[in-house]
Amino acid sequence: MPAPDNNTKLDDVVSCLSAHDPNAMRVEDAQAVIRQFVTPIHAVEKIAIRSALDRVLAADIISPINVPAHDNSAMDGYAVRGIDLTTEDRPFRIIGVAYAGHAYDGPIGAGECVRIMTGAVMPKECDTVIPQELTRDASDSHITIPANAVRAGDNRRLAGEDLAAGSVALPKGRIVRPSDLGLMASLGVAEVAVQRRLRVAFFSTGDELRSVGEPLDEGCVYDSNRYTLYGMLKRLGCDIVDMGVIRDEPEAMKEAFRTACENADAIITSGGVSVGAADYTKQMMAELGDVQFWKLGMRPGRPMAFGRIHSEGKSAYLFGLPGNPVAVMVTFYFFARQALLHMMGATAEQALPLMKVRSAQPIRKRAGRTEFQRGILAVGADGQQEVRITGAQGSGILRSMSEANCIVALEHDRAEIKAGDMVDVILFHGLI
Ligand code: AMP
Ligand code: MG
């Protein structure tokens, strides 16, 4: 398959799929097409390390120094030369003190030791620290080191054992975690290059939708998808452009797509992509660019549009998600999330972390589609993790997402699940 660029046609990518049923495109196939089609943005900004939390590193962080910079003590105790340790109890004379930040610079001879604190630089020629609690007969001037209490080299941290100067401390494409902030600080790094935030525009379609704050007319529903999308996009660290509810009217629709395209890297819509949809969403998507309408072999979330649309020399990737509230979240997590991370240049976190656990109950499932059921993972009677389904699994039942703490992902070819069978789960906690 050719490397994707801005001239790649979606048809060419899709035609590379081996056997592909247009009425039940496999989830893995759709994911592969999306992965092939989207390309990372190339825009970098330099920011202070604290601001880099959750951002994507735009370049490797190379350690400018050895960490630790010097051999130092891992314990409070006494530094000695390993060659002075014998197989018998032996008295040592204390000739000085080494504090963290204040080294002992003098020479050290046979039978001599230096009192040393954790983190203090090892005195020259010393390679071993005997922890304070293992010594005997300690006075101001002497200690006894019992036979075989330590081996030469014990309780010493070596220069560069955490990180050697010149080595990659953190790789490009990494999403910065709290430990990474500390690691960068430990290298004396004050600023880092990160990818600029991805801009994602989104709007809802459907004449039945009302926004929070408006009266709910007969037969209408409140627009919840813009809120779940807001939450999911924020978690991914995107800059968001919330375009509200767009009326089901050709000019309004076209204008919305144009504005979104000119102002964002990606556009997410919900609703209007199903077979029976009586609106202009699909028509506009197709008119403005290279867009395909997929019938996915999955539940929830069978219909989805994907592609790239153009306006005024600008282009944006388009994810036309289904309208049902659970389907929006599931298609976001299993298609859009990975693509957006790829666009942000995040390399490592794209794959969803799967856990295999026992199903506490039988689960109804049909072979020939991937099912994403809402689950509750908990500790069973035998102390092992097990998962249950949150009752009704209708794709309009958003409460099932709030009750659940995980998604149970049931593979395409799998049929009925028996109680005790192992299933894949993706925990919400940690899902970005
Ligand atoms: P559609 O995909 O447009 O046919 O919509 C499928 C179902 O999802 C319908 O019941 C819609 O009312 C509902 N729906 C569509 N968009 C939203 C939204 N933004 N918030 C809540 N429900 C929606
Ligand atoms: Mg609709």
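Quick note: numbers below take in every heavy atom, side chains included, and nothing from hydrogens, waters or symmetry partners. Computed from a predicted model, the values in this text were never measured in an experiment.
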message: Centre-to-centre under 6.0 Å for Y222 and Y227, is that the case here?
response: no
- request: Output all residues satisfying salt bridge (charged side-chain N to carboxylate O under 4.0 Å, His left out) with D413, sequence neighbours left out; order by chain, then residue number.
  value: R26
- prompt: Are T39 and Y317 linked by a side-chain donor-acceptor pair shorter than 3.5 Å?
  reply: yes
message: With ring-ring contact (aromatic ring centres under 6.0 Å, His included) as the test, pick out the partner of F306 among F293, F335, F37.
response: F37
Heavy-atom pair of closest approach, residues A52 and V194: CB-CG1, 4.2 Å
task: To the nearest 0.5 Å, tell me how far R358 CZ sits from Q384 CD.
output: 6.5 Å
- request: State, yes or no, whether a side-chain contact exists between R226 and D242 at a heavy-atom distance under 4.5 Å.
  value: yes
- prompt: Step by step, would you call R299 with T370 a side chain to side chain donor-acceptor pair (under 3.5 Å)?
  reply: CA-CA 6 Å; R299 199 163 111 152; T370 305; over 6 Å; no
- request: Give, for atom OG1 of T269 and atom CZ of F257, the distance between the pair rounded to the nearest 0.5 Å.
  value: 5.0 Å
task: May I ask you to test the R55-I175 pair for a side-chain heavy-atom distance under 4.5 Å?
output: no
query: Considering only heavy atoms from C-beta outward, does the side chain of V150 approach that of T128 to under 4.5 Å?
result: yes
message: Tell me which pairs pass salt bridge (charged side-chain N to carboxylate O under 4.0 Å, His left out) where either residue lies in residues 259-275, with sequence neighbours left out.
response: R196-D265
Result of checking T331, V408, L410, V330 against F372 for side-chain contact (heavy atoms from CB on, under 4.5 Å): V330
task: Could you pull out the closest heavy-atom pair between M117 and D76, with the gap in Å?
output: CA-OD1, 3.4 Å
message: Under the rule for side-chain contact (heavy atoms from CB on, under 4.5 Å), what residues qualify as partners of L163, not counting sequence neighbours?
response: S63, V67, S167, A169, L183, L187
- request: Can you establish whether the number of heavy atoms outside R210 located under 6.0 Å from its atom CZ is more than 12?
  value: yes
Residues that P303 engages under side-chain contact (heavy atoms from CB on, under 4.5 Å), provided they are two or more places apart: V273, S274, P322
task: Please test R35 against E28 for salt bridge (Lys or Arg N to Asp or Glu O under 4.0 Å), starting from the C-alpha separation and ending with a verdict.
output: CA-CA 10 Å; R35 195 165 48 237; E28 310 87 79; over 6 Å; no
task: Look only at the side chain of N225 and the backbone of S270, and say whether a donor-acceptor pair between them is shorter than 3.5 Å.
output: no
query: Going through the checks in order, is the salt bridge (Lys or Arg N to Asp or Glu O under 4.0 Å) test met by D154 and R151?
result: CA-CA 6 Å; D154 278 0; R151 286 162 310 179; 3.7 Å; yes
- request: Can you see which heavy atom on V326 is nearest to which on S400, and at what distance?
  value: CG2-OG, 4.1 Å
- prompt: Judged by atom type as modelled, is there a donor-acceptor pair below 3.5 Å linking the side chain of N155 to the main-chain atoms of V129?
  reply: yes
field: Minimum heavy-atom distance between I397 and A392, given as atom pair plus value
entry: CD1-CB, 3.6 Å
- prompt: Do R115 and Q132 have a side chain donor and acceptor closer than 3.5 Å?
  reply: yes
- request: State plainly whether the residues E312 and K314 are in salt-bridge range, i.e. N to O under 4.0 Å.
  value: no
message: Side chains of F332 and L229, heavy atoms from C-beta outward: is any pair under 4.5 Å?
response: yes
field: Point-to-point distance, once rounded to the nearest 0.5 Å, from CD of Q195 to NZ of K172
entry: 7.0 Å
- prompt: Should the heavy atoms of other residues, nucleotides or ligands under 6.0 Å from CZ of R157 be counted, would the total exceed 12?
  reply: yes
query: Hey, are the side chains of V387 and Q361 touching, using non-hydrogen atoms and a 4.5 Å cut-off?
result: no
statement: When rounded to the nearest 0.5 Å, the distance separating CD1 of I246 from NZ of K254 is 15.0 Å
- request: Mind checking side-chain contact (heavy atoms from CB on, under 4.5 Å) for D180 and listing every partner two or more places apart, or none if nothing turns up?
  value: L170, R174, V176, R177
- prompt: What distance separates L377 CG from R388 CZ, expressed to the nearest 0.5 Å?
  reply: 11.5 Å
task: Say whether R302 and S395, considering side chains only, have a donor N or O and an acceptor N or O under 3.5 Å apart.
output: no
task: Kindly indicate whether the side chain of V33, heavy atoms from C-beta on, has any atom under 4.5 Å from the side chain of W294.
output: yes
field: Atom of P178, atom of L53 and distance for their closest heavy-atom approach
entry: N-CD1, 3.7 Å
field: Pairwise distance CZ(F334) to CD(Q31) - rounded to 0.5 angstrom
entry: 8.0 Å
message: Is it true that S204 and D223 share a donor-acceptor pair across their side chains at a distance under 3.5 Å?
response: yes
query: Given the rule in the salt bridge (Lys or Arg N to Asp or Glu O under 4.0 Å) test, do R414 and E411 qualify, once you have shown the distances and angles that lead to the verdict?
result: CA-CA 5 Å; R414 197 156 177 187; E411 308 88 317; 3.3 Å; yes
- prompt: For D421 and K418, what are the C-alpha separation, side-chain angles and deciding distance, and is it a side-chain contact (heavy atoms from CB on, under 4.5 Å)?
  reply: CA-CA 6 Å; D421 284 357; K418 297 191 295 295; 3.6 Å; yes
task: Go through E371 and R369 one step at a time and tell me if the salt bridge (Lys or Arg N to Asp or Glu O under 4.0 Å) criterion holds.
output: CA-CA 6 Å; E371 292 192 16; R369 67 184 184 203; 2.9 Å; yes
task: Could you go through the side-chain contact (heavy atoms from CB on, under 4.5 Å) check for E251 and Y280 one step at a time?
output: CA-CA 9 Å; E251 277 315 307; Y280 294 99; over 6 Å; no
query: Mind checking what makes side-chain contact (heavy atoms from CB on, under 4.5 Å) contact with D21, not counting sequence neighbours?
result: N23, A24
field: Pair M184-V192, side-chain contact (heavy atoms from CB on, under 4.5 Å): steps then yes or no
entry: CA-CA 9 Å; M184 292 189 281; V192 279; 3.3 Å; yes
message: Looking at R374 and I389, would you say the former's side chain and the latter's main chain have a donor-acceptor pair under 3.5 Å?
response: no
task: For D71 and A159, indicate whether the former's side chain and the latter's backbone hold a donor-acceptor pair under 3.5 Å.
output: yes
message: Could you check whether Q292 and D11, counting side-chain N and O atoms only, form a donor-acceptor pair closer than 3.5 Å?
response: yes
query: Is a side-chain donor or acceptor of D290 paired with a backbone partner of K9 at a separation under 3.5 angstrom?
result: no
message: Within the structure provided, determine whether E386 and V357 are in side-chain contact (heavy-atom separation under 4.5 Å).
response: no
- prompt: Can R156 and D127 be counted as an ion pair, charged N to O under 4.0 angstrom?
  reply: no
task: Taking the side chain as every heavy atom from C-beta outward, state whether I426 and C406 have any pair of such atoms under 4.5 Å apart.
output: no
query: Under 3.5 Å, side chain of D29 to main-chain N/O of M25, donor-acceptor pair present?
result: no
- prompt: Considering all heavy atoms of both residues, which atom of I116 and which atom of A79 are nearest to each other, and what is their separation?
  reply: CG2-N, 3.8 Å
- prompt: Is the backbone N or O of L427 less than 3.5 Å from a side-chain atom of N405, with the two atoms forming a donor-acceptor pair by type?
  reply: no
